[in-house]
Amino acid sequence: MHYDRIDARILKIVQKNNRLTSEVIGEMAGLSATACQRRLKRLRSEGIIEADVSIVSPKAVGRPIQVLVLVTLERERSDIIDRFKKAIKSSDDVVNGFYVTGDADFVLYTTARTMEEYEQFTRQFFYKNPDIKGFKTMVILDRVKAGFAVPIEGAPED
């Protein structure tokens with residue numbers, strides 16, 4: 001995957017606000033709207049832009065309980081890891097899932113309406129899975145920053 005300085009500028013712009021029109025993005029990046037649309041289409045088709053999403057407040061939609069879960073598998077075998085990755089992807093309750101190094105094998109971010117609902121999730125998702133050795137729950141007290149923006153190499157500074 002390759003991107004140039006202009007692509008980098010577009011990426012920086014859309015990470016802050018992906019609802020801007022191609023005309024506005026193009027103007028900010030020094031391109032015509034058509035050229036901007038072509039670049040955005042290529043950036044998406046090449047997987048540089050993975051998704052266009054809105055960040056929703058869990059509290060505003062009735063899911064005030066936010067939790068990070070450190071998961072340790074019984075054994076680190078590729079079939080077990082692949083099975084757990086599939087379970088993460090298919091669960092609506094898991095917002096984000098990461099396969100990591102260190103003391104845990106996975107870190108999950110999940111939300112719930114109540115602690116009772118989170119407990120039900122743990123019973124279904126962890127206790128019924130024989131591949132899970134253990135898990136540790138960390139309840140989030142305050143979401144200080146939410147986003148998916150990554151630093152873009154080659155993008156001019158604002």
Side-chain angles (χ1 to χ4, degrees), residues 1-73 76 78 81-115 117-118 121-122 125-126 135-158:
M1 291 185 231
H2 175 73
Y3 64 91
D4 62 19
R5 190 169 174 81
I6 295 171
D7 291 335
R9 181 69 181 143
I10 291 170
L11 291 170
K12 192 171 180 181
I13 293 165
V14 297
Q15 283 193 114
K16 288 181 182 176
N17 184 353
N18 73 351
R19 295 190 65 201
L20 298 173
T21 65
S22 296
E23 290 80 16
V24 173
I25 297 168
E27 185 178 310
M28 293 170 75
L31 295 171
S32 70
T34 306
C36 181
Q37 287 172 343
R38 274 195 308 269
R39 284 177 178 260
L40 283 167
K41 183 177 180 180
R42 182 181 52 76
L43 292 167
R44 288 182 178 107
S45 70
E46 291 180 3
I48 294 172
I49 295 176
E50 292 182 7
D52 294 292
V53 299
S54 296
I55 298 172
V56 176
S57 165
K59 290 177 186 176
V61 295
R63 299 185 69 83
I65 307 297
Q66 298 175 78
V67 181
L68 291 175
V69 188
L70 306 177
V71 182
T72 306
L73 299 178
E76 275 208 61
S78 61
I81 292 166
D82 291 343
R83 240 189 338 264
F84 193 64
K85 284 181 178 181
K86 187 175 181 182
I88 291 169
K89 289 177 183 176
S90 66
S91 172
D92 289 336
D93 291 311
V94 178
V95 178
N96 284 299
F98 304 94
Y99 179 40
V100 298
T101 63
D103 294 336
D105 297 310
F106 287 86
V107 176
L108 309 181
Y109 168 68
T110 185
T111 64
R113 287 185 282 275
T114 64
M115 284 307 292
E117 181 180 275
Y118 175 70
F121 166 74
T122 64
F125 200 76
F126 301 121
F135 66 96
K136 293 182 182 179
T137 296
M138 296 184 291
V139 176
I140 296 171
L141 299 175
D142 183 22
R143 184 172 77 174
V144 178
K145 182 178 181 180
F148 295 101
V150 296
I152 305 295
E153 293 294 320
E157 294 301 318
D158 289 330

**Request:** Hey, can you tell me if Phe126 and Phe135 have their rings parallel, tilted or perpendicular (30° and 60° cut-offs)?
**Result:** parallel

**Message:** Please check this pair: side chain of Gln15 against backbone of Val150, looking for a donor-acceptor N/O pair closer than 3.5 Å.
**Reply:** yes

**Prompt:** Under a 4.5 Å cut-off applied to non-hydrogen side-chain atoms, are Arg39 and Asp4 in contact?
**Reply:** yes

**Item:** Any donor-acceptor pair under 3.5 Å from Ser91 side chain to Ala87 backbone
**Value:** no

**Item:** Student check: side-chain heavy atoms of Leu68 and Ile140 closer than 4.5 Å
**Value:** yes

**Request:** Taking atom CG of Asp52 as the centre, report whether more than 12 heavy atoms of other residues, nucleotides or ligands fall under 6.0 Å from it.
**Result:** yes

**Interatomic spacing from CG in Asn18 to CZ in Phe148 - rounded to 0.5 Å** = 12.0 Å

**Atom CZ of Arg143: over 12 foreign heavy atoms under 6.0 Å** = yes

**Prompt:** Can you check whether Phe106 reaches Val94 side chain to side chain, under 4.5 Å on heavy atoms?
**Reply:** no

**Fill in**
Taken to the nearest 0.5 Å, the spacing of Asn17 CG from Ile25 CD1 works out to 8.0 Å

**Prompt:** Do Thr114 and Glu117 have side chains that get closer than 4.5 Å, going by heavy atoms?
**Reply:** yes

**Request:** Give the minimum heavy-atom separation between Ala29 and Ile6, together with the two atoms involved.
**Result:** O-CG2, 4.3 Å

**Prompt:** Between His2 and Arg42, what is the shortest heavy-atom contact and its length?
**Reply:** O-NH1, 3.4 Å

**Asked** Can you tell me how far OG1 of Thr111 sits from CZ of Phe121, rounded to the nearest 0.5 angstrom?
**Response** 9.5 Å

**Prompt:** Should Thr137 and Tyr118 count as side-chain neighbours, where that means a heavy-atom distance under 4.5 Å?
**Reply:** yes

**Message:** So, taking the atom named CD1 in Ile88 and the one named CG in Leu108, what distance separates them when rounded to the nearest 0.5 Å?
**Reply:** 5.0 Å

**Request:** Output the distance between atom OG1 (Thr34) and atom CD (Glu23), rounded to the nearest 0.5 Å.
**Result:** 8.0 Å

**Close side-chain approach of Ile152 and Tyr3, heavy atoms under 4.5 Å** = yes

**Message:** So Leu31 and Arg9, do their side chains get closer than 4.5 Å, heavy atoms only?
**Reply:** no

**Complete:** Closest non-hydrogen atoms of Arg113 and Gly62, given as atom of the first, atom of the second and distance, are CG-O, 3.0 Å

**Message:** Are Asp103 and Lys136 packed together at the side-chain level, in the sense that at least one heavy-atom pair is separated by less than 4.5 angstrom?
**Reply:** no

**Request:** Report yes or no: does Thr110 contribute a side-chain atom to a donor-acceptor pair with the main-chain N or O of Asp93 at less than 3.5 Å?
**Result:** yes

**Complete:** Scanning both residues in full, the closest heavy-atom pair of Ile55 with Ala146 reads CD1-O, 3.8 Å

**Message:** Working to the nearest 0.5 angstrom, can you tell me the gap between Ile81 CD1 and Asp105 CG?
**Reply:** 7.0 Å

**Message:** On a heavy-atom basis, which atom in Cys36 and which in Gly26 lie closest, and how many Å separate them?
**Reply:** SG-N, 3.7 Å

**Message:** On a heavy-atom basis, which atom in Glu50 and which in Gly47 lie closest, and how many Å separate them?
**Reply:** CG-O, 3.7 Å

